[in-house]
Structures are given as structure tokens and as C-alpha cells.
Amino acid sequence: VMMLNPDFPHIIWSFTYRGWRLDVDQSEENGQIFYSVWANYKMGCAVAVPCALTRTDAIKRAKKYVDVRLRTPSITIV
């Protein structure tokens with residue numbers, strides 16, 4: 001299926017938090033603005049916050065995401 005109207009990232013702000021680069025994305029759907037945050041670290045990246053209604057909430061939740069990941073030991077696959 002071909003997407004007729006793809007939604008490309010619109011990074012409006014990037015900053016480093018505890019060694020992770022957090023990229024705040026802003027998108028709009030039917031007049032409503034949404035925010036998401038990508039968390040980039042040395043092993044890759046992940047969507048830390050898939051959807052937030054305010055930039056402040058998105059940033060707060062992204063920082064919490066990083067805090068939890070740093071407290072949780074990683075799993076080593078051998």
C-alpha cells in the first residue's frame with residue numbers, strides 16, 4: 001500500500017540528557033498539534049514518547065524514559 005501523504009519527522013528541538021540525544025518532533029493532524037520524542041544512544045534509537053499533546057509533557061516523559069532505561073540493567077544476548 002502506497003502512502004499518499006507520508007508524515008516525515010519535523011524535529012523542532014534536540015538536546016542531550018544523561019548522554020542520550022533526545023529529538024522532539026512536532027506534527028499536526030486535523031489542526032491538532034502532537035509531539036513525539038526519539039531517544040538516541042550509542043546502541044541505536046527508540047521512540048521514547050509516541051504521542052504527547054504538549055512539548056512540556058513530551059520532554060518530561062522522554063527524560064523519564066531515559067531515567068528508567070539507565071536504572072534497568074541491559075540484557076546481554078550471547
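Under a 3.5 Å cut-off, the side chain of D25 and the backbone N or O of V37 do not form any donor-acceptor pair.
The shortest non-hydrogen separation linking A58 to V49 is O-CG2, 3.6 Å. In this structure, R18 and D67 approach most closely via the heavy-atom pair NH1-OD1, 2.7 Å. Pairing each heavy atom of S36 with each of P50, the nearest pair is CB-O, 3.5 Å. Annotation for T72 and V68: closest pair OG1-O, 2.8 Å, computed over non-hydrogen atoms.
For the atom pair CG of L22 and CZ of F15, the computed distance is 4.5 Å after rounding to the nearest 0.5 Å.
In this structure, the side chains of I12 and R55 come closer than 4.5 Å at one or more pairs of heavy atoms. Using a 4.5 Å heavy-atom cutoff, the side chains of W13 and I59 are in contact. Side-chain contact between Q26 and F34 is absent, with no heavy atoms from C-beta onward closer than 4.5 Å. L53 places a side-chain heavy atom less than 4.5 Å from the side chain of Q32.
Annotation: cation-pi pair R61/Y65 absent, no NZ/CZ under 6.0 Å from the ring centroid and within 45° of its normal.
Between the side chains of D57 and Y35, not a single donor N or O lies within less than 3.5 Å of an accepting N or O.
Note on ring orientation: taking the six-membered ring where Trp is involved, the planes of W20 and Y41 are parallel (angle under 30°, cut-offs 30° and 60°).
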